[in-house]
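Since the structure comes first, as structure tokens, the remarks are kept for the end.
Naming convention: chains lettered A, B, ... in sequence-line order (proteins, then strands); numbering from 1 in each chain.
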Protein chains: 2
Amino acid sequence: MDRQASGALVPDVTLDRTSPVPLYYQVATRLQQQIEEGDIPVGSRLENEVELADRLGVSRPTMRRAISYLVERGMLVRKRGVGTQVVHPKVRRPVELSSLYDDLLKSGQAPRTEIREFEVRPAPDQIAEALGIPFGAEVTWIERLRFAGDEPLALMHNAVPVDVIRLRREDLERNGLYDLLRAAGHVPRMANQVVGARVASAGEARILDEARGAPLLTMTRTAWDAAGKAVEYGSHLYRASRYSFELNLTS
Amino acid sequence: MDRQASGALVPDVTLDRTSPVPLYYQVATRLQQQIEEGDIPVGSRLENEVELADRLGVSRPTMRRAISYLVERGMLVRKRGVGTQVVHPKVRRPVELSSLYDDLLKSGQAPRTEIREFEVRPAPDQIAEALGIPFGAEVTWIERLRFAGDEPLALMHNAVPVDVIRLRREDLERNGLYDLLRAAGHVPRMANQVVGARVASAGEARILDEARGAPLLTMTRTAWDAAGKAVEYGSHLYRASRYSFELNLTS
DNA sequence: GTCAATGGTTTGTCCTGACATATTTTGTCA
DNA sequence: TGACAAAATATGTCAGGACAAACCATTGAC
């Protein structure tokens, strides 16, 4: 019997030690590729850490770190005394903080944005509190109507502190708010969302091209960047007939 | 000038090296306590890793691991060349996979459950597919009406594969489904949720004590345990007038 | 024949040591 | 005084070794 029997064969990978990309990350990325492409089948056991590290020419801590990375992302499961297994792809999808604009782009629909209101003004108390900024601090206040194709989809209200990013109307027409925030270095990393439902008022129904009394999804959100700075407050209305939230959660 | 000036003082902690609890976890837990109790103020910089490790009598990798643990939970932020800072508590809440039952308990309301249907039967094709089990495999099928106080709150439908847990009607009346799953060793770790809205049919309105046409929140969810085994499928209806989802997301 | 002990395999934890790299501060020179 | 260079400081990465603990399968005793 030979060591190969102990686990699925992980193909050799070429590592670049001169690259600024960390070794553990290179290993993790190749491993992920091979899993996604099916070179390492779902449910199969990997070779043990020591052998793997040996064969790839890295130390065991580095190998462990690469594996840990994939374990945290839900692709692998480790069991002490047993080994490391590839889990089912269904469970693998990463949690993502995405905006409606991103979602539409990904699903192949053409997002279009009509800006109905755009002004810099002091934040209302309730919003200042949600953002954790002083009462009366200035924010950019936006009302946008988001279309998918020709159909209106969502009526969105946002407040962004002016010291986070100086928004311009033109940029907002072409890009999603989250793209602009990311580009400005304020990557949204955490968010608190409340999702509810109510029926449309007459005015809302007219704007969204729905009947009065139609069900609407409501979402209010506060988002923070990695440093804990509040970057966005949003209060949105979605047509329930055309949109629903898809979420992937991890404990 | 003395080294103490380099960062906030982290009080000494007592570590138990004979305990089965890992050192890094002991360190992380004490650190978390001190942050939560305000001993280490929000926004302050910690001492550098080497000093901290030195003073607590652990190696730097162990210290780093403890800090990394808190960084992943969003309590600390590290910047290379700068230091480690305590972030604002608002951002800190951990992502949790909780059930409605848990949520109600936490918010101090008294949850009560009326079981309207309970049977073991072959899974409908659509549900079998969501769970990733063979067509016709047996599941426990449940319809429950959940009350908060005296008011009906949600009408819940669930399917749980029989090989995951053998549910009993009595247990479900006293406990939430997630508690039972946890106790059986199938801790829900990942979930895919779709949240939408629609108006109540006449039958649904009668059960939920709402008017016909009242807005309802809909949620369908599939949950998996750490090993990637599907443990639960749920399709729920919530009264929008009495309930909304609160979510904490991390990228 | 059944149950308990045992040994091998594998991951989990922890240590020491070293060098790399990003950032800020200090110091020097024009 | 201003700009650039160098040093100090902090986290990031990587190696190699050692022991602990959980799990599984086999062996052995009753």
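Rounding to the nearest 0.5 angstrom, the gap separating the CZ atom in A:Arg169 from the OG1 atom in A:Thr140 is 12.5 Å. The CZ atom of B:Arg64 lies 12.5 Å from the CG atom of B:Leu52; values are rounded to the nearest 0.5 Å.
B:Val231 and B:Val160 make their closest contact through O-CG1, 3.5 Å (heavy atoms, listed as atom of the first residue, atom of the second, distance). Taking every heavy atom of both residues into account, A:Ala230 and A:Val164 meet most closely at O-CG2, 3.7 Å.
To the nearest angstrom, P of C:dT9 lies 19 Å from CG of A:Leu46. A:Arg64 has its CZ atom 14 Å from the P atom of C:dT10, to the nearest Å. Remark: P of C:dT11 and CE of A:Met63 are 10 Å apart, rounded to the nearest angstrom. Regarding B:Leu70, its CG atom lies at a distance of 16 Å from the C1' atom of D:dT11, rounded to whole Å. Across the protein-nucleic acid pair, A:Glu49 atom CD and D:dG16 atom P stand 16 Å apart, rounded to whole Å. Rounded to a whole Å, the OH atom of B:Tyr69 is 14 Å from the P atom of C:dC14. One interatomic measurement links the two molecules: CD of B:Gln26 to C1' of C:dT13, which rounds to 12 Å at whole-angstrom precision. Across the protein-nucleic acid pair, A:Leu56 atom CG and D:dG16 atom P stand 14 Å apart, rounded to whole Å.
A donor-acceptor pair under 3.5 Å is absent between the side-chain atoms of A:Ser44 and the main chain of A:Ile40, judged by distance alone. A donor-acceptor contact shorter than 3.5 Å links the side chain of A:Asp225 to the backbone of A:Lys229.
The side chain of B:Tyr24 contributes no N or O atom lying less than 4.0 Å from OP1 or OP2 of C:dC14. Under 4.0 angstrom from either OP1 or OP2 of D:dT13 there lies no side-chain N or O belonging to A:Thr62. In this model, the phosphate group of C:dT10 is not approached by any side-chain N or O of A:Thr84 to a distance below 4.0 Å at OP1 or OP2. Dashed line: the shortest gap from a side-chain N or O of A:Arg78 to OP1 or OP2 of C:dT10 is not under 4.0 Å.
When distances are taken from the side chain of A:Asn48 to each of C:dT11, D:dC14, D:dT13, the shortest belongs to C:dT11. Checking C:dC15, D:dA15, D:dT11 against every side-chain atom of B:Ser59, the shortest atom distance belongs to C:dC15. Comparing C:dC14, D:dT13, C:dT10 by their closest approach to the side chain of A:Arg45 singles out C:dT10.
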Close N or O pairs between protein and nucleotides 19-23 of chain D (under 3.5 Å):
| residue | atom | partner | partner atom | Å |
| --- | --- | --- | --- | --- |
| D:dA21 | O4' | A:Arg80 | NH1 | 2.7 |
| D:dA21 | O3' | A:Arg80 | NH1 | 3.3 |

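Among the heavy atoms of the strands lying under 4.0 Å from B:Pro61 is at least one base atom, whether or not backbone atoms are also near. A:Arg65 comes within 4.0 angstrom of the backbone, heavy atoms only, and of no base.
Identified under the ring pair (Phe, Tyr, Trp, His ring centres under 6.0 Å) test for residues 20-57 of chain A, with sequence neighbours left out: A:Tyr25-A:Tyr69.
At a threshold of 4.0 Å, the pair A:Arg78-A:Glu49 counts as salt-bridged, since one of the basic side-chain nitrogens sits closer than that to a carboxylate oxygen.
Nearest-nucleotide positions on DNA chain C place A:Val50 closer to the 5' end than the other of B:Leu23 and A:Val50.
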